[in-house]
Every structure is written in C-alpha cells, then in structure tokens.
Novice: 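Here it is, the structure, as structure tokens.
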Amino acid sequence: NLASLTTSLDDLDAAREYQEQALGIREKLAPGSLAVATSLRSLGSIAGKRGDLNAAEDYLARAWSLVHGERRGVAGDEAGRAFSAANASYAADLVRVRLARGNSVAAFETLEEGRAQGLLQLVSERGLDRSGVDADLWGRYEAAERTFQRAGRDLAFAGEQAAQLEQEIAKTAAGPGGDAAVRAAKQADLSSAKKASEAALSAYTQARLEQERLLGEVRRSVPGLQPRSFTFEEARRALPAGSVFVAWLVGEKESSVFVIRADLNRQVEAKAIPVGEAQLASRVETLREKIGPGASTGAAGGGAEAGKP
C-alpha cells in the first residue's frame, strides 16, 4: 500500500494526498465500512503529526463512529469482545487526541465506549440484587462469581510461586559454585510451577467468561438495568459519596489515567503518562518482586473509596 509506505517515511503532504484518494475510492466502493474507517484513521494520524489536532480529532472521531457502529451489529458477548479488542486502537487514538486538546470528559466518554462503558455498568449494578431476578439464574451467577474470585486467587498464588522459584534459581546461578543437584531440583520445581500457572490461567479465563456470561443474563433479565440508559452525568451523580471511579488506557508507548469523583464540583482529572505496555509490565513485575510471594494485597477494578475528597 503506497499510502501507508509514504506515511511511514514521514512525507506527510504526499501521504495525505494518497490517503485522501484512498478514502474517496473506499467511500464509493464501500461507504460506512471499516475500510473507510482505516483511511480516516490514517488521515487523523497524519493531521496529528502535522500538529493539526482539530483536524486529527475530526478524522479520528469519524473513524471511531464507524467502528463503534459496526460493533453494535456484532451478535454475542464473546464475538463482541473479540471485535472490540481487535479495533480498540481506534478509540485509543481518539482518546489521546482529545486529551491533548484538553477535553477530558469527551476523552473519557470515548474510553467508556471502547471498553463497554465500565462506569455506567458499575453504576447500573449498584442496586442489583436477587429481587426481580430468577432465583435459579441468580444462584448460578453467585456460584460463578465465587468460582471466578477463587480462580483469581489461585492464579495470583501460582504466579507468585513461579516468580519466587525463578528468583531463587537466578541467585543460585549468580553465586559461586553451588550444588548442581539443588539447581536441577529447583528447575524441576519451576517447570511444575509454570504448568500449574498455565492451568490456573486457563481455569481463571474459563471462570471469567462464565461469570461474564451469567452477569449478562442477569442484566438482560432486569428491565432498565442496561448501562446505556444512563448519561455520563447521571452515572457520576449515582456514585457513592466520597468515592472515585478510576479508568485507564494502556498504549504501546503512552498510557492515560482518568479519575472521576462523585463530587460534581470537582473536574474530571485526566493525565497522559509516558509509560507504555512493556514498561508497565516491567514495573508490575518489579513491584511483585518487592512485595514478595505470599504477601496480602487487595484491589478492586473500577470503583474505590477516596480517603479524602
């Protein structure tokens, strides 16, 4: 593709011309398609490199609108997740440009669209209990939730065990001499630990999918529980007093963090962090090593209680 090649060579004027031609052809052949979205995204990237953030946002918003529209036509939760994962970068590009332009709310709303509206789902589920839900369905959901939580703990423990063994083997290798039999035994233990970790990951994945499937059934069984019935401000007002909702977007070279407070007098806080996925993974691994195996840690995705507003 000559247009893509030109873009990679930073010949921005020529790249824009080629991409505009490609866009015109694609709009005639397949209007409203993902191919059109691809051209719009490329033009948005070129505009961003030229420093024209206004044009970049326009192109990227149009591209994301097409992708988001296609997502609504994908049937099934699993297929929908796969489609969203494959096209998440469209939302990510638009989020970054909107952050660069200082529009935190619009950036967050785009992030929410791209990640299945986490804040709105959190709010919509606050009043979710067994009332109004089929008893058998609710029981299966609660059992799946317990299995999911247990699988998460098992996965964390298995990972810690493997990490500890890797550290011990590395220390043994770095030291002078050492017992070959001891090293061989630890290598065998590490092999077993890695297999256990892989099995735990598989069990965790299956438990997560089952929990999500049943939660989806519960949501659909209760009228008015669908998160799209809330606006952003309505969802924010429904957050518990003194709480915050934290959302993040991890990119290849840069990440973004959003903090939404229940206090309507506080602005949405957003910050771009020059840390990409690989760097973040490395820092998490370092933190795990400092904490050490067996340490008690706790976390909850989405909502968190604020110590001081």
Novice: With sequence neighbours excluded, what pairs up with Glu269 under the side chain to side chain donor-acceptor pair (under 3.5 Å) test?
Specialist: Arg261
Novice: Can you name the side chain to side chain donor-acceptor pair (under 3.5 Å) partners of Gln206, sequence neighbours left out?
Specialist: Ser202
Novice: Yes or no on side-chain contact (heavy atoms from CB on, under 4.5 Å) for Leu66 and Val36, after CA distance, side-chain angles and deciding distance?
Specialist: CA-CA 8 Å; Leu66 292 176; Val36 172; 3.7 Å; yes
Novice: Can you list the steps and then say if Val244 with Ile260 is a side-chain contact (heavy atoms from CB on, under 4.5 Å)?
Specialist: CA-CA 5 Å; Val244 298; Ile260 317 298; over 6 Å; no
Novice: Compare every heavy atom of Ile46 with every heavy atom of Gln19, then report the nearest pair and how far apart it is.
Specialist: CG-CD1, 3.8 Å
Novice: Measure the spacing between OG of Ser39 and CG of Leu34 and express it to the nearest 0.5 Å.
Specialist: 11.5 Å
Novice: Kindly compute the distance separating CG (Asp11) from CD (Glu17), expressed to the nearest 0.5 Å.
Specialist: 10.0 Å
Novice: Where do Glu145 and Arg140 land on the salt bridge (charged side-chain N to carboxylate O under 4.0 Å, His left out) test, with the steps shown first?
Specialist: CA-CA 9 Å; Glu145 176 66 24; Arg140 286 187 287 124; over 6 Å; no
Novice: Leu209, Leu155: one ILVMFWY side-chain cluster at the under-4.5 Å cut-off?
Specialist: no
Novice: Would you find a donor on one side and an acceptor on the other, under 3.5 Å apart, between the side chain of Ser191 and the backbone of Gln187?
Specialist: no
Novice: Is Ser65 reaching over with its side chain to a backbone N or O of Ala61, donor-acceptor style, under 3.5 angstrom?
Specialist: no
Novice: Hydrophobic cluster membership, with links at side-chain heavy-atom distances under 4.5 Å among I/L/V/M/F/W/Y: are Phe245 and Val105 in one?
Specialist: yes
Novice: Hey, are the side chains of Glu254 and Pro274 touching, using non-hydrogen atoms and a 4.5 Å cut-off?
Specialist: no
Novice: Report the distance from atom OG of Ser197 to atom CD of Glu160, rounding to the nearest 0.5 Å.
Specialist: 10.5 Å
Novice: Salt bridge check: are Arg150 and Asp154 linked by an N-O gap of less than 4.0 Å?
Specialist: no
Novice: Can you hop from Ile25 to Tyr18 via hydrophobic side chains spaced under 4.5 Å?
Specialist: no
Novice: From Leu40 CG over to Ser45 OG, what is the distance, rounded to the nearest 0.5 angstrom?
Specialist: 12.5 Å
Novice: Indicate if Leu53 and Leu111 have the same hydrophobic cluster label, given that clusters are the connected sets of ILVMFWY residues with side-chain heavy-atom separations under 4.5 angstrom.
Specialist: no
Novice: Please examine the side chains of Leu23 and Leu43, heavy atoms only from C-beta on, and report whether any two atoms are closer than 4.5 Å.
Specialist: yes
Novice: Which heavy-atom pair separates Pro240 from Ala262 by the least distance, and what is that distance?
Specialist: O-CB, 3.4 Å
Novice: Quick one: closest heavy-atom pair of Val250 and Glu277, and the distance?
Specialist: CG1-CA, 3.7 Å
Novice: How about Arg98 and Thr110: does a side-chain donor come under 3.5 Å of a side-chain acceptor?
Specialist: yes
Novice: Within a strict 4.5 Å, meaning less than it, do heavy atoms of the Ser89 and Arg41 side chains meet?
Specialist: yes
Novice: Do the ring planes of Phe258 and Phe108 sit parallel (below 30°), tilted (30 to 60°) or perpendicular (above 60°)?
Specialist: tilted
Novice: Any heavy-atom pair between the side chains of Thr147 and Gln211 that's under 4.5 Å?
Specialist: no
Novice: Are there more than 12 heavy atoms of other residues, nucleotides or ligands under 6.0 Å from atom CZ of Arg283?
Specialist: no
Novice: When you measure from the side chain of Ser255 to the backbone N and O of Val275, does any donor-acceptor pair fall under 3.5 Å?
Specialist: yes
Novice: Measure from the side-chain N and O atoms of Gln279 to the backbone N and O of Gly276, and report whether any donor-acceptor pair falls under 3.5 Å.
Specialist: yes
Novice: Specify the closest pair of heavy atoms between Ala151 and Ala207, including all atoms of both residues, with the distance to one decimal.
Specialist: CB-CB, 4.1 Å
Novice: Do the non-hydrogen side-chain atoms of Asp93 and Arg96 ever get within less than 4.5 Å of each other?
Specialist: yes
Novice: Within the supplied structure, the quantity of interest is the number of heavy atoms (other residues, nucleotides, ligands) at a distance under 6.0 Å from Gln21 CD; does it exceed 12?
Specialist: yes
Novice: Among pairs that include at least one residue of residues 30-67, which meet ring-ring contact (aromatic ring centres under 6.0 Å, His included), considering only residues two or more places apart or in two chains?
Specialist: Trp64-His68
Novice: Looking only at non-hydrogen atoms, find the nearest pair between Gly48 and Ala56 and report the distance.
Specialist: N-CB, 3.7 Å
Novice: Would a 4.5 Å heavy-atom cut-off, applied to side chains only, mark Thr38 and Tyr90 as touching?
Specialist: yes
Novice: Rounded at 0.5 Å granularity, tell me how far CZ in Arg62 sits from CG in Leu94.
Specialist: 13.0 Å
Novice: State, yes or no, whether a side-chain contact exists between Val257 and Val246 at a heavy-atom distance under 4.5 Å.
Specialist: yes
Novice: Rounded to the nearest 0.5 Å, how far does CZ of Phe148 lie from CZ of Arg153?
Specialist: 11.0 Å
Novice: Apply salt bridge (charged side-chain N to carboxylate O under 4.0 Å, His left out) to the pair Glu217 and Arg213, showing each step before the final yes or no.
Specialist: CA-CA 6 Å; Glu217 286 191 25; Arg213 184 185 69 79; 2.6 Å; yes
Novice: For Arg50 and Asp13, what are the C-alpha separation, side-chain angles and deciding distance, and is it a side-chain contact (heavy atoms from CB on, under 4.5 Å)?
Specialist: CA-CA 9 Å; Arg50 294 171 63 91; Asp13 289 333; 2.4 Å; yes
